[in-house]
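Right, one structure below, let's go through it.
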Amino acid sequence: MTVPPDIDSSLLGILLRLSELLPPTHARFRPLLADALLFFLDRLSPVRQRDIFAAQLALPINASRPRRLLALFRFCPTLHKLGQVVAHDRRLAGDLRRRLQELETLVPTDSLAAVRPLLEREVGHVAGLHIARKALAEASVAVVVPFVWRPAANSPPQQGVFKVLRPGVQDRLDEELAIWPALGTFLEERCVAHGLPVFDYANTLESVAHLLANEVRLDREQAHLRQAAEFYAGSPDILIPGVFPFSTPSVTAMQRVDGCKVTSQDLPAREMRQRAERLIRALLAQPFWSSGEAGAVFHADPHAGNLLATPDGRLAIIDWALTTTLAKRQCEAVVQLVLGALTLNDRRVCAAIAALGESVDDAQVQVAVRQAIGEVRRGTFPGFEWMTSLLDALAATSAVRFPEEVSLFRKALLTLSGVAADVSQDMTMDGVLIREGASQFIRSLWWRPWIWADSRRQGGAHLSNADLFGLGAELPASTLRFLTGGSG
């Protein structure tokens, strides 16, 4: 990297040593991470480089590596978002996780004066609107500014917040996203040089880059908020902020929600378990099991800064910039994958995987599936954690190329599982999913006797009568496979 002449080159060495934050279990990837960071920084403009190094220079000489990492991420919206994604990954050291969790809600560094001209230009004059003098919080791409609106003289005041893009964030995001495609190819080349397995970095980074590009589309977030409010209308313990009528494509005006991050340990253990259950049900189980022909819409960025526990015990989901949708056939394939594992039938699992992505190496897929089914035979329950582990292994070895929506679903599951574990380790995703799926199945029993066995999977846990009959018929073969160690 060519360091600008007015910058102490030793700071670059300090930044590259941030790769040592990777846990010992992933120590062999530290050189790769240092290479990636150097590649990324080298392709930023000199002005961006100076800003990043100036922030590092302002820190105490003995500042910890997690603190330096946090300072770096604040200047790079794409790295900021990645930090939020892994902030609750329990494979990372506790101190690093705590530092990364600070990225979820930051004290604003951009003054209100910097965003007020945009607010005045976009929103204009609104009768009864009073904007606060200080910003409330800062996220990876936006600043949150509180306001009070009284629609009429005799109406009660309504508390709200403006979400407005941080000054210059669009340019920074565009610059960084332009680097990512080349970074993916570079990482795959460096894997070979370091003797590491070659992951499908290029497609993965391309998918995440596309998702991040949508985060600055505030008009889409407004549409997602309205869609989510409609979906959760029958769930009184879920709160989706309402959108105010003076929102614009560049400014979202929405209901202000009071509460703490869901991970705050502010209640007895029993109530924290209930909070974790509510979290998993709302963000995973409800959309998955309730999906109709239009598919299931999932919140694609469920980090703890977007999830608040309100004083009255509700779960507030406050940021809907990023979503992903699984088609109904993809939800059905997930169920078929689990059923194949339960019956130790590798052919059924392989068929389900083929419905979720494009197989690049069938032999490698079969090896990975046999290994995963071996875990089931040894007592591992084939739930979502088992499934995502299998899908991650297939993606990491480039044996299967998954479409963007499946990749984002896997990413959201990783984030959600970490957040839920930080809320309560006594509540598992599989337990909540099974209960919600069983409830959906029971509600479907009234119509099952009146339809043909080969009918479409019209709900009821994404199962048709043919699936149920097939499970019963396959029981002897499943028993034989278990006893002999064979597969389907």
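Quantities reported herein were computed from a predicted structural model and do not represent experimental measurements. Here, residue 1 is the first one in the sequence, and each next residue gets the next number.
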Can you check whether [X] reaches [Y] side chain to side chain, under 4.5 Å on heavy atoms?
X      : Y      : result
Arg275 : Val262 : yes
Ile353 : Leu390 : yes
Val419 : Thr263 : yes
Leu337 : Leu356 : yes
Phe298 : Phe409 : yes
Leu33  : Leu16  : no

Any donor-acceptor pair under 3.5 Å linking the side chain of [X] with the backbone of [Y]?
X      : Y      : result
Arg68  : Gln56  : yes
Asp430 : Phe384 : yes
His194 : Leu196 : no
His224 : Trp320 : yes
Ser290 : Pro287 : no
Gln336 : Arg348 : no
Gln265 : Ser424 : no
Gln49  : Leu41  : yes
Ser389 : Glu385 : no

Side chain to side chain donor-acceptor pair (under 3.5 Å) assessment of Thr380 paired with Glu375: CA-CA 6 Å; Thr380 299; Glu375 295 175 7; 4.8 Å; no
Any Lys/Arg nitrogen of [X] or [Y] sitting under 4.0 Å from an Asp/Glu carboxylate oxygen of the other?
X      : Y      : answer
Asp237 : Arg278 : yes
Arg30  : Glu20  : no
Glu176 : Arg172 : no
Glu175 : Arg43  : no
Asp426 : Arg270 : no

How close do [X] and [Y] get, counting heavy atoms only, and between which atoms?
X      : Y      : answer
Leu307 : Pro302 : CD1-O, 3.5 Å
Leu218 : Pro249 : CB-O, 3.7 Å
Ala282 : Leu315 : CB-CD2, 3.9 Å
Glu221 : Ala321 : CG-N, 3.5 Å
Pro241 : Leu225 : O-CD2, 3.9 Å
Ala395 : Arg410 : CB-NH2, 3.5 Å

What's the separation between atom [atom1] in [X] and atom [atom2] in [Y], rounded to the nearest 0.5 Å?
X      : Y      : atom1 : atom2 : answer
Asp319 : Thr323 : CG    : OG1   : 11.0 Å
Arg190 : Leu38  : CZ    : CG    : 10.0 Å
Leu284 : Glu436 : CG    : CD    : 10.0 Å
Arg281 : Gln274 : CZ    : CD    : 11.0 Å
Asp35  : Leu187 : CG    : CG    : 8.5 Å
Arg401 : Leu394 : CZ    : CG    : 13.0 Å

Side-chain H-bond candidate by donor/acceptor type, Gln286 with Ser235, under 3.5 Å: yes
Test item: side-chain donor near acceptor, Ser359 and Asp362, under 3.5 Å: yes
Ring pair (Phe, Tyr, Trp, His ring centres under 6.0 Å) for Phe186 and Phe40? Distances and angles first, verdict last. CA-CA 10 Å; Phe186 171 78; Phe40 180 83; over 10 Å; no
Going by side-chain contact (heavy atoms from CB on, under 4.5 Å), Val349 matches just one of Val376, Val365, Val338, Ile373. Which one? Ile373
What residue among Lys163, Lys81, Arg220, Arg166 forms salt bridge (charged side-chain N to carboxylate O under 4.0 Å, His left out) with Glu215? Lys81
Would you check, one step at a time, whether the test side-chain contact (heavy atoms from CB on, under 4.5 Å) holds for Leu308 with Cys260? CA-CA 5 Å; Leu308 301 182; Cys260 62; over 6 Å; no
Before giving the answer on side chain to side chain donor-acceptor pair (under 3.5 Å), spell out for Gln330 and Glu405 the whole-Å C-alpha distance, their side-chain angles and the decisive distance to 0.1 Å. CA-CA 10 Å; Gln330 292 171 317; Glu405 64 274 13; 2.9 Å; yes
